[in-house]
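What follows is a set of notes on a single structure, which appears directly below.
Count residues from 1 along the sequence.
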Amino acid sequence: MTQELLETVRGLRIGRPLVVAIDGPSGSGKSSVSKEVARRLRIAYLDTGAMYRALTWHCVNSNIDLDDAAAVEQAARDLVLDLSTSPQEEYVRVNGVDVTDAIREPAISSAVSAVATTLGARTELIRRQRDLIDKHHRRMVVEGRDITTVVAPGAEVRMLLTASEEARLRRRGIQLGGTQNAEELAAQVTHRDAKDSTVVNFTQAADGVVTLDSSDLDFEQTVDAALVIVTKVLNRD
């Protein structure tokens, strides 16, 4: 990042709302990129996917039938969840138990779509996500699958971060530290996307949403490109 761009983004909308909504499919790099964008903008960060994973962990740990929509919805309302909204640290706690690593385990990854596609549970988590945005005075980078269209359609900046399937599989494999084989990766990335897409569209940009294709970009280039989009969109207002 050039010093000029760095100085520009740090001075964006000081004391005013700045919600940057970022959607994208699995393995597009949205979590790592969104967190770094938040860090450089010096605003809060919310990983909504971690919320769905935490609820999934809670349901599995409590022996709740994931096919029982009413039970999953009730679990969402009862969930005692504490997660970091700082780009400088990462933690997720359910009922006081640290599940930061546990929610990334293959068993949770394979089950999370069942929870994410339960509409009542989704409604409850969306309510919590909006509350967190307001709690941080609407100065937050929020990433997920329905942020630009459902959670924060009025965000100052809305972005769809995408990448080729090959790039997404490679990145998710690196993110998981090589703990899953090619078949497990494909199931987590492409199969989960297919199931989640039955309740929300995160593969095509809605009107007013800027698309960033990171297939041929490394991490630093993608972060810079995202910050350029933020700057350009805000400068249009």
Closest approach of [X] to [Y] (non-hydrogen atoms, all atoms of both residues):
| X | Y | result |
| --- | --- | --- |
| Ile108 | Ala102 | CG1-O, 3.5 Å |
| Thr118 | Ala69 | CG2-O, 3.8 Å |
| Ala152 | Ala21 | O-CB, 4.4 Å |
| Ser28 | Ser214 | O-OG, 3.6 Å |
| Val72 | Ala121 | CG1-CB, 3.9 Å |
| Ile126 | Tyr52 | CG1-OH, 4.2 Å |

[X]: which residues meet the side chain to side chain donor-acceptor pair (under 3.5 Å) condition with it, sequence neighbours left out?
| X | result |
| --- | --- |
| Asp98 | Thr100 |
| Thr148 | Asp23 |
| Asp78 | Gln74 |
| Thr85 | His136 |

Spell out, as yes or no, whether a donor-acceptor pair under 3.5 Å connects the side chain of [X] to the backbone of [Y].
| X | Y | value |
| --- | --- | --- |
| Thr162 | Leu212 | no |
| Ser34 | Ser31 | no |
| Arg53 | Ile103 | yes |

Could you measure the distance from the [atom1] atom of [X] to the [atom2] atom of [Y]? Nearest 0.5 Å is fine.
| X | Y | atom1 | atom2 | answer |
| --- | --- | --- | --- | --- |
| Lys35 | Gln88 | NZ | CD | 9.5 Å |
| Ile43 | Met140 | CD1 | CE | 8.5 Å |
| Leu234 | Lys232 | CG | NZ | 13.0 Å |

Is [Y] close to [X] at the side-chain level, that is, under 4.5 Å between some pair of heavy atoms?
| X | Y | result |
| --- | --- | --- |
| Leu66 | Val115 | yes |
| Thr222 | Leu161 | yes |
| Leu160 | Val210 | no |
| Val141 | Leu46 | no |
| Val80 | Val94 | no |
| Trp57 | Val92 | no |
| Val151 | Thr48 | no |
| Val150 | Arg130 | yes |

Heavy-atom neighbours of Asp131 CG exceed 12 at 6.0 Å: yes
Set out, in order, the CA-CA distance, both residues' side-chain angles and the distance that settles side-chain contact (heavy atoms from CB on, under 4.5 Å) for Ile133 and Val142, then state yes or no. CA-CA 8 Å; Ile133 293 171; Val142 189; 3.9 Å; yes
message: side-chain contact (heavy atoms from CB on, under 4.5 Å) for Val19 and Val157? Distances and angles first, verdict last.
response: CA-CA 6 Å; Val19 176; Val157 181; over 6 Å; no
Will you find, in the side chains of Glu143 and Tyr45, an N or O donor that is under 3.5 Å from an N or O acceptor?
yes
Q: Flag yes if Val97 and Met51 sit in one hydrophobic cluster, no otherwise; membership is Ile, Leu, Val, Met, Phe, Trp, Tyr, and two members link when side-chain heavy atoms are under 4.5 Å apart.
A: yes
Notebook entry, point to check: Given the rule that I, L, V, M, F, W and Y join up when any side-chain heavy atoms are under 4.5 Å apart, are Ile22 and Phe219 in one cluster?
Noted result: yes
By side chain to side chain contact (heavy atoms under 4.5 Å, CB included), which residues pair with [X], not counting sequence neighbours?
| X | answer |
| --- | --- |
| Glu124 | Ala76, Arg77, Arg127, Arg128 |
| Ala206 | Thr149, Val209 |
| Pro17 | Arg13, Arg138, Glu156 |
| Ala75 | Leu55, His58, Cys59, Ile64 |

request  = List the steps and the verdict of side-chain contact (heavy atoms from CB on, under 4.5 Å) for Leu227 and Val37.
outcome  = CA-CA 7 Å; Leu227 289 169; Val37 167; 3.9 Å; yes
Applying salt bridge (Lys or Arg N to Asp or Glu O under 4.0 Å) to Asp213 and not counting sequence neighbours gives none
- [ ] Using the salt bridge (Lys or Arg N to Asp or Glu O under 4.0 Å) rule, take Asp207 and Arg158 through it: C-alpha gap first, then chi angles, then the decisive distance, then the call.
- [x] CA-CA 10 Å; Asp207 289 345; Arg158 296 186 298 152; over 6 Å; no
Is the shortest distance from a Lys or Arg side-chain nitrogen in Arg104 or Asp47 to a carboxylate oxygen in the other one below 4.0 Å? yes
Q) Can we say Glu36 and Arg42 salt-bridge, meaning some charged N sits less than 4.0 Å from an Asp/Glu carboxylate O? A) no
I'd like to know whether Arg40 forms a salt bridge (Lys or Arg N to Asp or Glu O under 4.0 Å) with Glu220, so could you lay out the CA-CA distance, the side-chain angles of the two residues, the decisive distance to 0.1 Å, and finally the verdict.
CA-CA 12 Å; Arg40 296 192 192 183; Glu220 196 67 30; 2.5 Å; yes
field: CA sep, side-chain torsions, deciding dist, call: Glu89, Ser84, side-chain contact (heavy atoms from CB on, under 4.5 Å)
entry: CA-CA 7 Å; Glu89 60 180 336; Ser84 172; 3.5 Å; yes
